[in-house]
*Asks:* 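Got a structure for you, questions after.
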Amino acid sequence: MLGIVLVWFSAIMFVHLGLGDEICKVIRINLFLFRCIKCLSFWTVLGYSFLIVELPIEGSVALAFLLGYAALWIELLLDKLADWYDEIYKSMVAKEKKNE
């Protein structure tokens with residue numbers, strides 16, 4: 001089960017950090033799968049749980065749907081945290097410029 005969570009989290013971070021966009025730029029092919037967090041989470045979890053963990057197909061599909069949906073919420077949380085970080089960083093830079 002830990003392997004499934006690691007694959008799921010890796011897919012989320014792959015899209016969130018923009019690695020999929022950079023790969024699409026390098027290979028010059030527009031792969032929507034690398035830009036969609038729920039699609040990549042769904043397919044990676046489905047493939048890993050069915051082929052590697054050898055869960056039954058019904059369980060693999062159900063788990064993939066559940067984690068694909070959860071990936072949307074994790075992405076929302078990560079985006080909010082990134083916005084907060086940007087605000088804090090901008091205020092710190094403004095204070096440094098003011099003190100100079």
Side-chain angles (χ1 to χ4, degrees):
M1 190 66 173
L2 179 63
I4 293 172
V5 172
L6 290 175
V7 166
W8 173 67
F9 187 72
S10 298
I12 291 171
M13 295 311 293
F14 182 82
V15 175
H16 179 72
L17 295 174
L19 299 173
D21 289 332
E22 292 303 315
I23 289 174
C24 287
K25 288 179 187 175
V26 169
I27 63 174
R28 296 184 181 137
I29 297 173
N30 189 12
L31 295 172
F32 182 72
L33 180 65
F34 285 172
R35 294 190 171 121
C36 176
I37 197 159
K38 66 180 176 184
C39 299
L40 188 61
S41 295
F42 174 83
W43 287 110
T44 55
V45 168
L46 180 65
Y48 185 83
S49 64
F50 184 66
L51 298 174
I52 305 300
V53 180
E54 297 178 353
L55 289 177
I57 190 68
E58 298 88 6
S60 295
V61 170
L63 187 62
F65 274 118
L66 178 70
L67 292 179
Y69 180 71
L72 291 173
W73 289 100
I74 298 296
E75 178 69 11
L76 182 66
L77 175 66
L78 290 173
D79 286 342
K80 189 63 175 171
L81 290 173
D83 290 342
W84 285 342
Y85 174 80
D86 288 341
E87 290 174 15
I88 292 169
Y89 182 76
K90 286 177 186 177
S91 68
M92 288 174 56
V93 169
K95 286 181 184 178
E96 287 180 5
K97 287 183 180 180
K98 185 178 178 182
N99 291 335
E100 289 180 357

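Model, not experiment: these values are computed from the prediction.
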*Asks:* Search all heavy atoms of Gly68 against all heavy atoms of Ser41 and return the closest pair with its distance.
*Replies:*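 For Gly68 and Ser41, the tightest heavy-atom pair comes out as CA-CB, 4.2 Å.
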*Asks:* Please report the shortest heavy-atom distance between Val7 and Val45, naming the atom on each side.
*Replies:*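 So the two residues come closest at CG1-N, 4.4 Å.
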*Asks:* Using every non-hydrogen atom in the two residues, find where Ala11 and Leu40 come nearest and quote the distance to one decimal.
*Replies:*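 Ala11 and Leu40 have their closest heavy atoms at O-CD2, 3.8 Å.
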*Asks:* Ring pair (Phe, Tyr, Trp, His ring centres under 6.0 Å) with Phe9: which residues, sequence neighbours excluded?
*Replies:*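 Applying ring pair (Phe, Tyr, Trp, His ring centres under 6.0 Å) to Phe9 gives none.
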*Asks:* Take Tyr48 and Val53 through the side-chain contact (heavy atoms from CB on, under 4.5 Å) test and state the conclusion after the steps.
*Replies:* CA-CA 6 Å; Tyr48 185 83; Val53 180; 3.5 Å; yes
*Asks:* Is there a path of hydrophobic side-chain contacts, each under 4.5 Å between heavy atoms of I/L/V/M/F/W/Y residues, joining Leu33 to Leu72?
*Replies:*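 Yes, one cluster joins them.
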*Asks:* Fit a plane to each ring of Phe65 and Phe42, take the angle between them on a 0 to 90° scale, and name the class: parallel (under 30°), tilted (30 to 60°) or perpendicular (over 60°).
*Replies:*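 Phe65 vs Phe42 ring planes: tilted.
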*Asks:* Side-chain heavy atoms under 4.5 angstrom apart, residues restricted to Ile, Leu, Val, Met, Phe, Trp, Tyr: same cluster for Leu77 and Leu17?
*Replies:*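 In one cluster: no.
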*Asks:* Restricting to pairs with a member in residues 19-46, which pass salt bridge (Lys or Arg N to Asp or Glu O under 4.0 Å), not counting sequence neighbours?
*Replies:*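 Salt bridge (Lys or Arg N to Asp or Glu O under 4.0 Å) check on residues 19-46 returns Asp21-Arg35, Glu22-Lys25.
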*Asks:* Pick one: which of Ile12, Leu67, Ile37 meets side chain to side chain contact (heavy atoms under 4.5 Å, CB included) with Ile74?
*Replies:*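 Testing each of Ile12, Leu67, Ile37 against Ile74, the sole residue satisfying side chain to side chain contact (heavy atoms under 4.5 Å, CB included) is Ile12.
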*Asks:* Nearest 0.5 angstrom please: Leu46 CG to Ile57 CD1, how far?
*Replies:*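 The CD1 atom of Ile57 is 5.5 Å from CG of Leu46, to the nearest 0.5 Å.
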*Asks:* Taking all non-hydrogen atoms of both residues into account, name the closest pair between Ile4 and Ser49 and its distance.
*Replies:*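 Distance-wise, the nearest heavy atoms are CD1-CB, 3.9 Å.
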*Asks:* Can you give me the closest heavy-atom contact between Phe50 and Pro56, atom names plus distance?
*Replies:*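 Heavy atoms of Phe50 and Pro56 come nearest at CD1-C, 4.5 Å.
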*Asks:* Stepwise, does the side-chain contact (heavy atoms from CB on, under 4.5 Å) test hold for Met92 with Ile88?
*Replies:* CA-CA 6 Å; Met92 288 174 56; Ile88 292 169; 4.0 Å; yes
*Asks:* Quick check on the hydrophobic clustering: are Leu63 and Leu6 connected, directly or via other members, by side-chain heavy-atom contacts under 4.5 Å?
*Replies:*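 In one cluster: no.
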*Asks:* Go through the steps to decide whether Phe34 and Ile29 satisfy the test side-chain contact (heavy atoms from CB on, under 4.5 Å), and finish with yes or no.
*Replies:* CA-CA 11 Å; Phe34 285 172; Ile29 297 173; over 6 Å; no
*Asks:* Quick check on the hydrophobic clustering: are Leu51 and Trp8 connected, directly or via other members, by side-chain heavy-atom contacts under 4.5 Å?
*Replies:*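 Result: yes, single cluster for both.
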*Asks:* Are any non-hydrogen side-chain atoms of Asp79 and His16 less than 4.5 angstrom apart?
*Replies:*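 The answer is yes, as the side chains (C-beta and beyond) meet within the 4.5 Å cut-off.
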*Asks:* Give every residue pair that meets the ring-ring contact (aromatic ring centres under 6.0 Å, His included) criterion with at least one member in residues 76-99, sequence neighbours excluded.
*Replies:*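 Not a single pair qualifies under ring-ring contact (aromatic ring centres under 6.0 Å, His included).
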*Asks:* Hydrophobic clusters here meaning ILVMFWY residues chained together by side-chain heavy-atom distances under 4.5 Å, can you tell me if Val15 and Leu31 are in one?
*Replies:*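 Yes; Leu31 is reachable from Val15 via cluster members.
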